[in-house]
Amino acid sequence: WRDWSSDVCSSDLVIGNSKYISSPLANPKNDATDVANKLEEMGYKVRRVIDADRRTMLKNFAAFREEAEKADVGFVYYAGHGVQVGGVNYILPVDFNLESGMASIQFDGIAVNQMLENFVPTEIKLAFLDACRDNPLSRSLSKTRGGSNNSGLAPMDAISGTLISFSTKDGSVAQDGNGR
């Protein structure tokens, strides 16, 4: 956290998931490292989570919630696989099993709205989702949905005091990229 004034402090969580069991990504770890390094250069204390399975993600969300209890601003940056199911956005831990398909997302993924409501207790919430990547999961899900194309992440309604930033327009797809 960093004091902007004597009354304002921030709690910062940065997650980068690259080493997926199915469909690994090259850049989320790099992106998260770069964001965390920049925040630390500016004087912020950052909780870094790299290549986390579901249990590790939930454990770090719970620890972040405790750290953020007295903060005014909760900052969350996530880079990795993300998918929407029925208009709900999910971020995926590295141990997500691609073969489990759509039914598993609701149990093994982490719903972004629930993450913000349950683990970011601050009045002001800043969420940056670099999670809208075209991947085999979205293609296989599209087959199970009867061919509908729900690419990218869905638009989100946020409670007052919340800013959610996507890596691309809702419903669009961001590629992993070819370099750092």
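Everything numeric in this text was worked out from a predicted model, so none of it was measured. Worth knowing before you read on, the calculation uses all heavy atoms, side chains too, and leaves out hydrogens, waters and symmetry mates.
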Enquirer: Verify ring-ring contact (aromatic ring centres under 6.0 Å, His included) between His81 and Phe96, making sure each step is shown before the conclusion.
Expert: CA-CA 10 Å; His81 280 309; Phe96 180 80; 9.0 Å; no
Enquirer: Just by distance, do the side chain of Asn17 and the backbone of Ala52 share a donor-acceptor pair under 3.5 Å?
Expert: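 Yes, Asn17 side chain to Ala52 backbone: donor-acceptor pair under 3.5 Å.
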Enquirer: How would you list, by chain and number, every residue that makes a side chain to side chain donor-acceptor pair (under 3.5 Å) with Glu69, sequence neighbours excluded?
Expert: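 Expected list: none.
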Enquirer: Suppose we screen for side chain to side chain contact (heavy atoms under 4.5 Å, CB included). Which residues come up paired with Lys19, at least two apart in sequence or across chains?
Expert: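 Asp51.
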Enquirer: Nearest 0.5 Å please: distance from the CG atom of Leu126 over to the CG atom of Asp12.
Expert: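 The CG atom of Asp12 is 9.0 Å from CG of Leu126, to the nearest 0.5 Å.
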Enquirer: Name all residues meeting the ring-ring contact (aromatic ring centres under 6.0 Å, His included) criterion together with Tyr90; count only those two or more places apart in sequence or in a different chain, and write none if there are none.
Expert: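 Checked Tyr90 against ring-ring contact (aromatic ring centres under 6.0 Å, His included); zero matches.
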Enquirer: Please report the interatomic distance CZ(Phe128) to OH(Tyr77), rounded to the nearest 0.5 Å.
Expert: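 Between atom CZ of Phe128 and atom OH of Tyr77 there are 10.0 Å.
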Enquirer: Sequence neighbours excluded, which residues qualify as side chain to side chain donor-acceptor pair (under 3.5 Å) partners of Asp108?
Expert: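 Only Ser104 meet the side chain to side chain donor-acceptor pair (under 3.5 Å) criterion with Asp108.
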Enquirer: Just by distance, do the side chain of Asp72 and the backbone of Cys9 share a donor-acceptor pair under 3.5 Å?
Expert: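 Answer holds: yes.
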Enquirer: Check for a donor-acceptor pair, side chain of Asp53 on one end and backbone N or O of Thr56 on the other, with a separation under 3.5 Å.
Expert: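 Answer holds: yes.
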Enquirer: At what distance, to the nearest 0.5 angstrom, does CD1 of Ile105 lie from CD1 of Ile91?
Expert: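 Between atom CD1 of Ile105 and atom CD1 of Ile91 there are 13.0 Å.
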Enquirer: Could you tell me which residues satisfy side chain to side chain donor-acceptor pair (under 3.5 Å) with Lys70, sequence neighbours excluded, listed by chain and number?
Expert: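 With sequence neighbours excluded, Lys70 shows a side chain to side chain donor-acceptor pair (under 3.5 Å) to no residue whatsoever.
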Enquirer: Could you tell me which residues satisfy salt bridge (charged side-chain N to carboxylate O under 4.0 Å, His left out) with Arg48, sequence neighbours excluded, listed by chain and number?
Expert: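 By the salt bridge (charged side-chain N to carboxylate O under 4.0 Å, His left out) rule, Arg48 matches Glu40.
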Enquirer: Drop me the distance from Met115's CE to Leu129's CG, to the nearest 0.5 angstrom.
Expert: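 Rounded to the nearest 0.5 Å, the CE-CG separation comes to 6.0 Å.
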Enquirer: Going by atom types alone, do Asp130 and Tyr78 pair a side-chain donor with an acceptor below 3.5 Å?
Expert: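 On atom types as modelled, these side chains do not qualify, holding no pair under 3.5 Å.
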